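Quick caveat, the model's predicted, so the values are computed rather than measured. Both backbone and side-chain heavy atoms feed into the values below; hydrogens, waters and symmetry mates do not.
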Amino acid sequence: ATSVSQTFAVTKAALTIKADDKTKAYNDPLPAFTATYTGLVSGDTPSSLGLSLNWNTSATPTSPVSATPYSITVSGPASTANYQISYSPGTLAVIQATPVITWNTPSPVALGAVLDTTQLNATANTAGTFVYTPPSGTVMNTPGNNTLSVTFTPLDTKNYTSAQAS
């Protein structure tokens, strides 16, 4: 029998790197961007490729909810020794932030005391209005523990939700 040699080509595997979709609240820092790799072969892992990826988005911590979604693009080398690489964008959704209400527990009041700004003095990390229950001017005529609560409505209702505390 005669031996015959054949030549054939081994092409690079197709690898797609897609930026993962992310969500963040208004005024929060941008999240860490990550990617999903599709097409890895021969036991390769994202870390074994040693790629340096570049990330880009037009979003900032104060990007408004109304412009959602924002594109997240990922880029890097077009190929490696074993892969032909394509890149696919992801999206960043900016959702409404929940205001942070700061309200120290009021000191006890005497029976018959009138609620005022001494007790009803909550603050928030954004401008808005506070509605207290019971409201300012209420005469505290029930002995024992009483619950005070507040509902905060931000002026910027597009980027912030309402919040409650008690």
Side-chain angles (χ1 to χ4, degrees), residues 15-40 45-76 85-166:
L15 175 64
T16 300
I17 300 176
K18 182 193 178 308
D20 294 329
D21 296 338
K22 298 289 182 175
T23 300
K24 74 166 217 70
Y26 174 77
N27 220 19
D28 280 356
L30 293 175
F33 295 132
T34 57
T36 299
Y37 292 62
T38 304
L40 291 170
T45 64
S47 60
S48 71
L49 297 180
L51 297 177
S52 178
L53 300 178
N54 302 304
W55 301 95
N56 191 23
T57 183
S58 62
T60 67
T62 58
S63 292
V65 171
S66 61
T68 289
Y70 297 87
S71 180
I72 303 169
T73 58
V74 58
S75 61
I85 305 172
S86 62
Y87 296 90
S88 179
T91 59
L92 174 63
V94 178
I95 61 172
Q96 288 178 304
T98 301
V100 176
I101 297 174
T102 303
W103 193 14
N104 295 325
T105 302
S107 299
V109 296
L111 188 63
V114 177
L115 289 179
D116 61 20
T117 57
T118 305
Q119 299 83 27
L120 308 178
N121 58 357
T123 61
N125 64 335
T126 188
T129 58
F130 296 90
V131 175
Y132 295 94
T133 304
S136 182
T138 299
V139 176
M140 301 306 296
N141 54 14
T142 305
N145 291 331
N146 289 270
T147 299
L148 298 176
S149 63
V150 64
T151 298
F152 175 76
T153 303
L155 292 178
D156 178 359
T157 57
K158 291 182 182 186
N159 293 310
Y160 289 95
T161 63
S162 294
Q164 292 80 33
S166 60

Main-chain N/O of P61 paired with K24 side-chain donor or acceptor, under 3.5 Å: yes

Main-chain N/O of S71 paired to T57 side chain as donor or acceptor, under 3.5 Å: yes

Step-by-step side-chain contact (heavy atoms from CB on, under 4.5 Å) determination, L49 to L40: CA-CA 10 Å; L49 297 180; L40 291 170; 3.7 Å; yes

Under 3.5 Å donor-acceptor pairs involving side-chain atoms of residues 88-100, not counting sequence neighbours:
residue, atom, partner, partner atom, Å
T91, OG1, D21, OD1, 3.3
Q96, NE2, T157, O, 2.7
Q96, NE2, Y160, O, 3.3

Quick one: [atom1] on [X] to [atom2] on [Y], what's the gap to the nearest 0.5 Å?
| X | Y | atom1 | atom2 | answer |
| --- | --- | --- | --- | --- |
| L111 | T142 | CG | OG1 | 8.0 Å |
| N54 | T73 | CG | OG1 | 9.0 Å |
| M140 | N146 | CE | CG | 3.5 Å |
| Y70 | L30 | OH | CG | 10.5 Å |
| T60 | N27 | OG1 | CG | 9.0 Å |
| L15 | S86 | CG | OG | 7.0 Å |

Taking the side chain as everything from C-beta on, heavy atoms only, tell me whether [X] gets closer than 4.5 Å to [Y].
| X | Y | result |
| --- | --- | --- |
| I17 | L51 | yes |
| F33 | L53 | no |
| P106 | T118 | no |
| K22 | T34 | yes |

Closest non-hydrogen atom pair, [X] against [Y]:
| X | Y | answer |
| --- | --- | --- |
| P154 | T126 | CB-CG2, 4.2 Å |
| V74 | A19 | CG1-N, 3.8 Å |
| L120 | P135 | CD1-C, 3.9 Å |
| F152 | I101 | CB-CD1, 3.8 Å |

Derivation and outcome, side-chain contact (heavy atoms from CB on, under 4.5 Å), residues F130 and T151: CA-CA 6 Å; F130 296 90; T151 298; over 6 Å; no

Working for side-chain contact (heavy atoms from CB on, under 4.5 Å), residues L115 and L148: CA-CA 10 Å; L115 289 179; L148 298 176; 3.6 Å; yes

Non-neighbouring partners of Y87 that pass ring-ring contact (aromatic ring centres under 6.0 Å, His included), sequence neighbours left out: none

Sequence-distant partners of Y132, ring-ring contact (aromatic ring centres under 6.0 Å, His included), two or more places apart: W103

